[in-house]
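First the proteins, then the strands, lettered A, B, ... as listed; each starts at 1.
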Amino acid sequence: MKVRTRFAPSPTGFMHVGNLRTALYAWLWAKKNDGVFMLRIEDTDQARFVEGAEEMVYKTLRTAGLTWDEGPDVGGEYGPYVQSQRKDMYLPYAKQLVEMGKAYYCFCTKEELDERRAAVEAEGGTFKYDKHCLSLSKEEVERRIAAGEPYVIRQNVPTEGKADFDDAIFGHIEVDCSELDDMILIKADGMPTYNFANVIDDHTMGVTHVLRGMEYLSSTPKYNLLYDAFGWEKPTYVHLTTIMRDATHKLSKRDGDATFEDLVNLGYLPEAIINYLALVGWSPGDEREFFTLDELKEAFSLEGLSKSPAIFDHNKLRWMNAEYIRRMDGKAYFEKALPWLCRAGLGEMAAKPENEEIFIRILQPRTEVFSDIANVVDFLAELGEYDIELFTNKKSKTNPEVSKAVLESVIPLMEALPDWNETALHDLLIGYAEANGMKNGTLLWPVRIAMSGRTVTPGGAIEIAALLGRGEALRRLKLGLDKLAAV
RNA sequence: GGCCUCGUGGUCAAGCGGUCAAGACACCGCCCUUUCACGGCGGUAACAGGAGUUCGAUUCUCCUCGAGGUCACCA
């Protein structure tokens with residue numbers, strides 16, 4: 001049978017990385033098996049409708065490379081792919097269950113239930129619906145429905161026996177029916193609940209493998225009662241572990257960088273995010289860590305899925321992103337970096353053709369996340385205040401006195417330079433150090449400090465001088481000398 | 001609280017009765033070096049605890065502990 005998987009988000013905002021990973025695994029499993037990956041929008045909760053969230057889902061999936069074969073926008077023979085548009089499909093199935101005695105109409109109002117629940121819980125108990133409306137006669141039910149009384153349809157769970165299912169990762173899961181509540185299948189507004197819609201949709205849409213979060217693990221046996229009632233073949237369930245922020249909290253959107261969009265905006269590359277995400281909760285079994293989507297597709301297997309929750313390691317994502325950046329083509333890197341350089345006020349400097357290569361050379365190996373760039377290069381846009389103590393560096397054998405002497409002798413030479421470019425600057429400065437028997441560092445440290453006001457900079461004195469250009473470089477050097485005048 | 005699930009270094013994670021218990025990130029040290037990175041080399045660090053089963057348990061069973069999930073007219 002052809003493998004069909006689905007990703008079924010409820011459109012409530014940005015895409016949490018945990019959801020993205022679920023989508024990824026579902027996509028991988030379908031693609032690995034030459035199957036179909038479909039997108040279904042679960043919007044049965046009208047109260048939670050969020051404008052534009054559906055488009056967000058499309059956009060995220062697309063930039064992540066997870067294209068769907070069937071879905072709301074592309075269609076398919078199992079449509080519609082939006083649950084609210086399937087509204088009319090559910091009631092007949094629910095009625096069928098009622099006929100079979102596997103479900104029943106219930107007229108208890110939400111308020112009554114809430115009250116009873118509160119009372120039970122106040123005494124430390126767990127509320128369970130008492131099947132109150134199960135005993136209603138058919139006539140009474142019909143009468144009340146005809147009278148326009150609001151109702152829901154509940155699943156009639158047996159009071160005895162077991163409900164169970166087999167999970168591809170967790171194995172056999174079994175629970176006593178007595179633990180189960182008569183869950184609502186059809187809500188008072190006529191919409192199905194998630195639980196019911198899922199069963200109906202997954203079956204009618206031919207889903208063969210259900211990949212979803214762990215939170216459904218304990219309610220799945222209850223779904224299977226429904227499959228059994230209808231006599232339907234059950235899909236293979238694959239419950240995925242939760243992605244955690246730390247040992248005791250799951251990664252939440254409130255943490256600020258838990259959505260795909262957050263990460264992209266911070267300057268993470270979609271391919272790196274996907275690659276990292278694939279490895280949170282799944283292992284290829286060998287030592288590979290870098291995968292394209294295609295390679296992932298080859299390597300993916302249900303056996304490699306983990307049973308225990310994994311903590312999202314920003315550190316490792318960062319490293320992996322850096323690794324992706326380093327492997328980028330220089331040009332491509334520059335293109336991605338340019339907006340960030342502009343944001344740092346370096347648009348003009350970066351626009352000079354001769355500077356492009358320098359920027360690539362000094363920044364690419366140092367960029368872990370694109371948003372880092374601004375803080376690393378801001379000194380190029382503006383020289384900040386700095387203390388002359390920065391001129392002291394033991395390893396370079398410099399201090400304010402030495403620096404003063406260095407700047408005094410080197411500034412005129414630089415001013416006299418006919419061409420201001422890296423090669424010329426290099427030959428001049430390195431040549432000078434050599435001729436005077438100095439360590440390169442002794443000469444270059446003061447020059448770099450004066451030009452940057454920073455002890456740590458991307459690139460060295462020569463690159464910085466070239467980027468700054470003759471006028472600005474010299475201005476800063478003289479400024480440095482002034483600062484040192486009193487020494 | 002009932003029920004379900006999970007438990008290998010700080011983190012991800014291999015292992016699926018016999019290993020000196022991989023690898024990666026992070027951390028530390030050394031080298032390279034024009035600062036910082038990059039790169040190279042090396043290092044610290046783990047089977048939650050206790051009973052069994054077995055010639056032998058990280059691996060199988062049970063208990064304890066710890067953590068998560070679930071008990072909605074939310075998904």
Side-chain angles (χ1 to χ4, degrees), chain A residues 8-10 12 42-45 47-48 106 108-110 113-114 117 121 124-128 150-154 167 169-170 173-176 178-181 183-189 191-195 197-198 212-221 239 241-242 244 246-250 276 279-289 303-304 306-320 322 326 362-368 376 390 393 395-396 426 429-430 433 439-445 447-449 452 454-463:
Chain A
S10 54
T12 54
E42 310 223 330
D43 59 346
T44 54
D45 184 8
R48 286 218 283 173
C106 172
C108 298
T109 66
K110 180 142 191 336
L113 258 19
D114 285 346
R117 179 176 296 111
E121 283 172 359
T126 304
F127 177 76
K128 221 181 113 183
Y151 65 88
V152 300
I153 296 180
R154 283 183 184 273
D167 186 274
I169 305 178
F170 294 98
I173 307 288
E174 186 176 86
V175 62
D176 270 322
S178 59
E179 296 290 333
L180 273 20
D181 201 3
M183 65 176 178
I184 290 174
L185 269 19
I186 301 288
K187 300 187 265 191
D189 65 0
M191 280 287 197
T193 54
Y194 166 84
N195 312 284
N198 249 265
R212 48 148 58 144
M214 266 295 278
E215 60 268 33
Y216 303 111
L217 190 71
S218 49
S219 49
T220 303
H239 287 96
T241 57
T242 315
M244 309 292 284
D246 55 45
T248 56
H249 305 273
K250 39 180 174 175
Y276 172 69
L279 265 12
V280 178
W282 173 77
S283 162
D286 55 36
E287 280 168 22
R288 285 178 297 166
E289 293 202 284
E303 289 72 41
S306 175
K307 280 183 168 184
S308 41
I311 296 173
F312 190 89
D313 187 351
H314 283 279
N315 230 326
K316 185 142 188 182
L317 204 216
R318 206 165 223 290
W319 165 79
M320 182 161 274
R326 279 176 219 129
I362 68 172
L363 253 25
Q364 189 169 6
R366 271 169 261 252
T367 309
E368 294 189 306
V376 167
L390 295 195
N393 179 265
K395 209 173 142 216
S396 296
H426 176 272
L429 295 170
I430 301 296
K439 281 185 69 161
N440 286 339
T442 310
L443 177 77
L444 296 167
W445 180 275
V447 174
R448 192 173 58 87
I449 296 299
S452 66
R454 288 275 185 85
T455 191
V456 171
T457 58
I462 293 160
E463 291 91 340

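With rounding to whole Å, A/Lys128 atom NZ is found 11 Å from B/C3 atom C1'. Note: CD (A/Glu179) to P (B/C71) measures 13 Å, nearest angstrom. As a whole-Å value, the separation of A/Arg288 CZ from B/A13 P is 17 Å. At whole-Å resolution of the value, CD in A/Glu287 and P in B/C12 are 18 Å apart. For the pair A/Leu185 CG and B/C73 P, the computed distance is 12 Å after rounding to whole Å. One atom, CG of A/Leu279, and another, P of B/C12, lie 12 Å apart when rounded to the nearest Å. Nucleotide B/C3 holds its C1' atom 18 Å from the CZ atom of A/Phe127, rounded to whole Å. Note: CG (A/Leu443) to P (B/U34) measures 12 Å, nearest angstrom.
Proximity of A/Ile430 to A/Asn440: side-chain heavy atoms (C-beta onward) are separated by under 4.5 Å at one or more points. Counting heavy atoms from C-beta on, the side chains of A/Lys110 and A/Asp114 come closer than 4.5 Å. Looking at heavy atoms from C-beta onward, A/Glu42 lies in side-chain contact with A/Asn198 at the 4.5 angstrom threshold. A/Trp319 places none of its side-chain heavy atoms less than 4.5 Å from the side chain of A/Asp313. At a threshold of 4.5 Å between non-hydrogen side-chain atoms, the residues A/Leu279 and A/Met320 count as touching. In this structure the side chain of A/Lys187 reaches within 4.5 angstrom of the side chain of A/Thr193, judged on heavy atoms. Looking at A/His239 and A/Arg212, their side chains come closer than 4.5 Å, going by heavy atoms from C-beta outward.
Nucleotide B/U34 has no partner under the Watson-Crick or G-U criteria, as no pair reaches both atom distances under 3.5 Å. Under the Watson-Crick or G-U wobble criterion, with both distances below 3.5 Å, B/C74 has no partner in any strand shown. Nucleotide B/G17: unpaired (no Watson-Crick or G-U wobble partner with both distances less than 3.5 Å). When both distances must be under 3.5 Å, the Watson-Crick or G-U wobble mate of B/G23 is B/C12.
Side-chain nitrogen and oxygen atoms of A/Lys307 include none within less than 4.0 Å of the OP1 or OP2 phosphate oxygen of B/C4. Contact annotation: A/Asn315 side-chain N/O to B/A26 OP1/OP2 distance is not under 4.0 Å. An OP1 or OP2 oxygen of B/A67 is reached within less than 4.0 angstrom by no side-chain nitrogen or oxygen of A/Lys250.
Residue-to-nucleotide contacts include no donor-acceptor pair under 3.5 Å from the side chain of A/Thr242 to the base of B/G69. Judged by distance alone, with hydrogens and angles left aside, A/Lys316 brings a side-chain donor or acceptor within reach of the base of B/A24, the pair sitting under 3.5 Å. With hydrogens and angles ignored, a donor-acceptor pair under 3.5 angstrom links the side chain of A/Arg448 to the base of B/U35.
A distance of about 30 Å separates the C1' atoms of B/G10 and B/G18, rounded to the whole Å. Of the P atoms belonging to B/U61 and B/G7, the separation is 12 Å, rounded to the nearest Å. Across the C1' atoms, B/G9 and B/U5 are found 24 Å apart, a figure rounded to whole Å. A gap of 15 Å separates the C1' atoms of B/A46 and B/C20, to the nearest Å. For the P atoms, the distance from B/C4 to B/C62 is 12 Å, rounded to whole Å. The same atom, P, is picked in B/U70 and in B/G29; the two are 44 Å apart, to the nearest Å. The gap from the P atom of B/G69 to that of B/C27 amounts to 30 Å, rounded to the nearest Å. Atom name P, nucleotides B/A22 and B/C47: the rounded distance is 13 Å, in whole Å.
Using a 4.0 Å heavy-atom cutoff across all strands shown, A/Cys106 reaches no nucleic acid atom at all. In this structure, A/Tyr216 reaches the bases: a heavy-atom distance under 4.0 Å links it to at least one base atom across the strands shown. Among the heavy atoms of the strands lying under 4.0 Å from A/Val175 are primed sugar atoms or P, OP1, OP2 only; no base atom is included. Residue contacts shown for A/Ile184 include a base, since a base heavy atom lies under 4.0 Å away. If you check every strand for non-hydrogen atoms under 4.0 Å, A/Gly459 touches a base. Note on A/Thr109: a base of the nucleic acid sits closer than 4.0 angstrom, heavy atoms only. Contact annotation for A/Arg326: backbone-only contact, meaning every heavy-atom pair under 4.0 Å involves sugar-phosphate atoms and none involves a base. Base engagement by A/Lys395 is indicated by at least one non-hydrogen atom pair under 4.0 Å involving a base atom. Contacts of A/Arg454 with the nucleic acid, taken as non-hydrogen atoms under 4.0 Å apart, are absent. A/Ala247 comes within contact range of the sugar-phosphate backbone alone, with a heavy-atom separation under 4.0 Å but no base atom that close. Among the heavy atoms of the strands lying under 4.0 Å from A/Thr126 is at least one base atom, whether or not backbone atoms are also near.
Nearest nucleotide to the side chain of A/Met244, out of B/C6, B/C73, B/G68: B/G68. For A/Ala310, whose side chain is taken as the heavy atoms from C-beta onward, the closest listed nucleotide among B/A75, B/A13, B/U5 is B/A13. Among the nucleotides B/A13, B/G39, B/A67, the one closest to any side-chain atom of A/Thr248 is B/A67. Comparing B/U34, B/U35, B/G7 by their closest approach to the side chain of A/Ser308 singles out B/G7. Of all nucleotides listed (B/U11, B/G69, B/G68), B/G69 comes nearest to the side chain of A/Glu215. Taking every side-chain heavy atom of A/Arg366 into account, B/U35 is the closest of B/U35, B/C12, B/A75. When distances run from any side-chain atom of A/Val456 to the nucleotides B/A72, B/U35, B/G10, the shortest one goes to B/U35. Listed candidates were B/C6, B/C73, B/A24. Nearest to the side chain of A/Pro309 is B/C6. Closest to the side chain of A/Asp313, from the set B/A75, B/G23, B/U11, is B/U11. Considering only the side chain of A/Ile173, B/C4 comes nearest among B/C4, B/U34, B/A72.
Classification of the A/Phe312-A/Tyr276 ring pair by plane angle, with boundaries at 30° and 60°, yields perpendicular.
Along RNA chain B, the nucleotide closest to A/Thr367 and the one closest to A/Glu174 are compared, and the more 5′ of them pairs with A/Glu174. Toward the 5' end of RNA chain B, the nearer of the two residues A/Thr44 and A/Ile169, judged by each one's closest nucleotide, is A/Ile169.
Ionic pairing of A/Glu215 and A/Lys250 is not present here: no N-O contact between side-chain nitrogen and carboxylate oxygen is shorter than 4.0 angstrom.
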